[in-house]
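By convention in this document, chain letters (A, B, ...) are assigned in the order of the sequence lines, proteins followed by strands, and residues within each chain are numbered from 1. Computed over heavy atoms, backbone and side chain alike; hydrogens, waters and symmetry mates excluded.
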Amino acid sequence: AQKVTQAQTEISVVEKEDVTLDCVYETRDTTYYLFWYKQPPSGELVFLIRRNSFDEQNEISGRYSWNFQKSTSSFNFTITASQVVDSAVYFCALHGSGNTGKLIFGQGTTLQVKP
Amino acid sequence: KAGVTQTPRYLIKTRGQQVTLSCSPISGHRSVSWYQQTPGQGLQFLFEYFSETQRNKGNFPGRFSGRQFSNSRSEMNVSTLELGDSALYLCASSLAREITDTQYFGPGTRLTVL
């Protein structure tokens, strides 16, 4: 079975603080892809990153960075110097190679950034 | 390039009715997937279409169906609506060069069943 767990239901930080959103996944596939999406109050899921199971290099994009550790089946997301506009629900998702068109999502982490 | 569009954005129906939701993918995208989002169950996969064929299906009753047209536009239909069908329905499109290509989501249709 494939599963994604985001243990943090809600996180509240003050602007400019750094925050890390945790994601742990389970899969028996050797080839798979991991994703992060952001869902602002408008409802649309906004794509942030796609990472395949063979690429464990950390990635940085502006204030966002991702840490993929296969040994612990984790794909954590860090926002540096958070801003109010970062307030949203963040979803981690898994796409197994044998599961056409199907993303398996975690329950999401609601991030509130206070001014 | 225009994003994924979904119509209508909001819908109110009563139990027992049926509803059809529409999704237009990003130009050039050939795969469309549908998801249901509820506070209790989160985001759950409904089905995926590619070249007018359903390639994958989630664990939903037969009241949920879909189709894809030759221009890649997709519709999903829910018959005999139940209160529990109230949800945000999201569709996503991808290029489908690979099975695991990135999915880009539309704004969703919020369905309320009274």
Side chain from CB out, backbone as N, CA, C, O: work out which of these in [X] comes under 4.5 Å of a heavy atom of chain A, or both, or neither.
X         : result
Phe105(B) : both
Gln41(B)  : backbone
Leu88(B)  : side chain
Tyr49(B)  : neither
Thr102(B) : both

Is it the case that the ring center of Phe77(A) lies less than 6.0 angstrom away from the ring center of Phe75(A)?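 No, the ring centres sit 6.0 Å or more apart.
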
Centroid separation under 6.0 Å, is that true for the rings of Tyr25(A) and Tyr32(A)?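 That pair passes the under 6.0 Å test.
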
Pairing donors with acceptors under 3.5 angstrom, does anything connect the side chains of [X] and [Y]?
X         : Y        : result
Thr109(B) : Arg9(B)  : no
Thr31(A)  : Ser53(A) : no
Ser51(B)  : Thr53(B) : no
Gln54(B)  : Gln68(B) : no
Asn58(A)  : Asn67(A) : yes

Side chain, backbone, both or neither: which part of [X] has a heavy atom under 4.5 Å from chain B?
X         : answer
Tyr37(A)  : side chain
Thr100(A) : both
Asn52(A)  : neither

N-O pairing of Arg63(B) and Glu82(B) below 4.0 Å: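 Looking at Arg63(B) and Glu82(B), the cut-off is met.
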
Between chain A and each of Gln103(B), Gln37(B), Gln44(B), Lys57(B), count heavy-atom pairs under 4.5 Å; write down the option with the most.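 Answer, by heavy-atom pair count under 4.5 Å with chain A: Gln103(B).
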
Below 4.5 Å, heavy-atom pairs only: which of Tyr33(A), Phe35(A), Phe91(A) has the largest tally toward chain B?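 That would be Tyr33(A).
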
With a 4.5 Å cut-off on heavy-atom pairs, point out which of Ser42(A), Gly101(A), Ser97(A) contacts chain B the most.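 Winner by heavy-atom pair count: Gly101(A).
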
